[in-house]
Asker: 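Structure incoming, see below.
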Amino acid sequence: MKRSKALHRFSAFLFLSGFSILSLQAQTVLNVKADQPLSKIEPTMWGIFFEDINFAADGGIYAELVKNRSFEFAQPLMGWKEQASNKFAITNAGSVLILHEGGDTNPRIARVNVQADKGYGLTNEGFRGMGIKKGATYTFSVQARQQQGSPTMRVELADANGKILGTTSITPAGSEWKKYTATIVASETEPKALLNIWFDGKGVVDIDMVSLFPNDTWKNRPGGLRKDLVQLLADMKPGFIRFPGGCIVEGRELTTRYQWKKTVGDIEQREMIVNRWNTEFNHRPAPDYFQTFGLGFFEYFQLAEDVGAEPLPILNCGMACQFNSAEVVPINQLDTYVQDALDLIEFANGSPDSPWGKLRKTMGHEAPFHLKYIGVGNEQWGPQYIERYAVFSAIIKAKYPDIQIVSAAGPAPSGELFDYASKELRDLKADLVDEHYYSSPDWFLKNANRYDAYDRKGPKIFAGEYAAQSVATVSPKNENNWRCALSEAAFMTGLERNADLVHMASYAPLFAHVDAWQWTPDLIWFDNLNAYGTPNYYVQKLFSTNKGTHVLPVTAQGETVAGKNGLYASAVTDANAKTILVKLVNAGDEPQTITLQLSSARKISQAGTITVLKGNPDEVNNLEHPTQIHPEEQPLKWKGKDVKTVLPPRSFSVVKIPTL
Ligand code: AHR
């Protein structure tokens, strides 16, 4: 009682003497010169890095539910299981034989010999199960031809206990290959459903391209992409999408490099290959990880167009992953690789009468995709890279002088390999150099000023892959915690402040399936039914959706705000929306009072918003608590040209100040 009285008196003293709790906190005045805009911010500034790692494509954004649909995995029946109904032993019920019929792209088929009427079936396990939703419609399709008798197919969705969650049937007719389709409506929601195909009637039937897709895909495209995952990307309003990687571009060997020409045209003819992440890490083996290329280059271009992003394809430059085989193609045999780049530009931009433009038209897109950027090599290094890059660059620029070429600076943002590449690429007058930073949160905090004094006469920077590592690079124990996300936000204020130099930036990797990942941390996690954005996702989204058009100077006592007292800041103006946007990171453990002193040629509104992301350092989002850390927007009011606010400890805030 006595104590609370004393406390009350002390508070009254503070109040009467003009003190407030605020005045006990660190106070910082930041000068934001909205009347002195600096450089333009490229519309591409904040983008997306897509790689088929962690089941991002097959088993992820590509909505196909059947795994190994064309029996082309190394083990042709991987993902499939023979079934016999109760009264039969499998050996008496039927059998399946894999026939290699020839052809380069999809040579195998399954020949099903049914000996017991209604007794034999094949079950597909999906990608760690199949996510199905109550009331949703699924399209089953199969290529089939009858060989003997006329077995029909009873198709079921079932749970692990055998409960049937939907059925349909197919009646193949004739001995010629034909595609059959039928729909199933799911009676329940089930994250790990199985697909059973029972063969009714004795005989022999051949099958291939067994497929099941939800009808409710992104833009309702048949055989399309998972809607919730694309929506998370669209919500970021990304400036570009880099695809298809990542190391996947390189392959562990050149034979398994990514070849875009094999990923376009008819789905049935896209040659499936192993995914390089199948065997990369002994601690996270994924023997069932292959690339069907159902999500191929046409679909990547279409995705970029859908979400309003510039497409940025990265091509193999005649080098396999230098962490693996490090094979290189002899320089005098580089033609095929360079031709792939030229043909890709024609595929994207060429007239529908040109050979590759014609294919684009046939695939349903007569208009060009307006490709402006192309990447030569992923994360290459050394003289072999420079030599190959020089050949690509000379030939591409001679034919397409307006295409901007992204080149590689190796796997780390400093050191011998980096210094060598930077010098050589500068001498070669490269357009954009791709720098990668996988490092500790501390590194990100300390490097928020990395570009403040960078060479302005050399190539522009593409901060192509970055993510703070809570444990260590490639450690399976890395977490997408708030400590990491906050350090990335601090670093990104430095990228934004230097937007005259940094033209593109993307977090990496993008997606991870909770049951099938190889690499952590990742921006977006998902299971077969749900997905969530990590704290890092919300940091990316806040930058990207508050991109602005021009950088503004923001200083504290005449100095850049890049870490003193744990404070980081950058500011932009959006000439179209007529707003000033200030990004503020308080990396400290105490609140900080900030006064933004604005000088502006335009009248400043007296009300705006502050959007705050905050949390405890080890906090994460997950499927159970997908928005544990998420942005919260609040109104903010002020008088005159001084905007005062309190930054919570360990927070990232965006202050939006409308001008009139
Ligand atoms: O993002 C994961 C991997 O990290 C990428 O494939 C590669 O470019 C980098 O080493």
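Along the sequence shown, the residues carry numbers beginning at 1. Just follow the structure's listing: the first ligand is 1, and inside any ligand the first atom is 1. The basis for the numbers below is simple: all heavy atoms, side chains too, and nothing from hydrogens, waters or symmetry mates.
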Asker: Looking only at N/O atoms, are N378 and ligand 1 under 3.5 Å apart anywhere?
Answerer: yes
Asker: Using the ring of each side chain (for Trp, its six-membered ring), is F491 parallel, tilted or perpendicular to Y437, with breaks at 30° and 60°?
Answerer: perpendicular
Asker: In the protein, which heavy atom is nearest to atom 8 (O) of ligand 1, and how far is it?
Answerer: E465 OE2, 2.7 Å
Asker: Within less than 4.0 angstrom of ligand 1, does G245 place any heavy atom?
Answerer: no
Asker: Would you say W277 and ligand 1 have an N/O pair spaced under 3.5 Å apart?
Answerer: no
Asker: Give me the nearest non-hydrogen protein atom to atom 10 (O) of ligand 1 as residue plus atom name, then the distance to 0.1 Å.
Answerer: E379 OE1, 2.8 Å
Asker: Parallel, tilted or perpendicular for Y454 and Y451, by the 30°/60° rule?
Answerer: perpendicular
Asker: Show me the pairs that pass ring-ring contact (aromatic ring centres under 6.0 Å, His included) and involve residues 404-424, at least two apart or across chains.
Answerer: none
Asker: Anything under 30° is parallel, anything over 60° is perpendicular, the rest tilted; go ahead and classify F301 against F347.
Answerer: tilted
Asker: Output yes when the distance from some N or O of ligand 1 to some N or O of I53 is under 3.5 Å, and no in every other case.
Answerer: no
Asker: For W519 and ligand 1, does the shortest N/O to N/O distance drop below 3.5 Å?
Answerer: no
Asker: Is Y438 in contact with ligand 1, taking contact as a heavy-atom separation below 4.0 Å?
Answerer: yes
Asker: Does any non-hydrogen side-chain atom of N54 lie less than 4.5 Å from one of F511?
Answerer: no
Asker: According to side chain to side chain contact (heavy atoms under 4.5 Å, CB included), who are the partners of L417, at least two apart in sequence or on a separate chain?
Answerer: W381, P411
Asker: Give me the nearest non-hydrogen protein atom to atom 6 (O) of ligand 1 as residue plus atom name, then the distance to 0.1 Å.
Answerer: E51 OE1, 2.6 Å
Asker: Taking only Lys NZ, Arg NE, NH1 and NH2, and the carboxylate oxygens of Asp or Glu, determine whether D104 and K262 approach each other closer than 4.0 Å.
Answerer: no
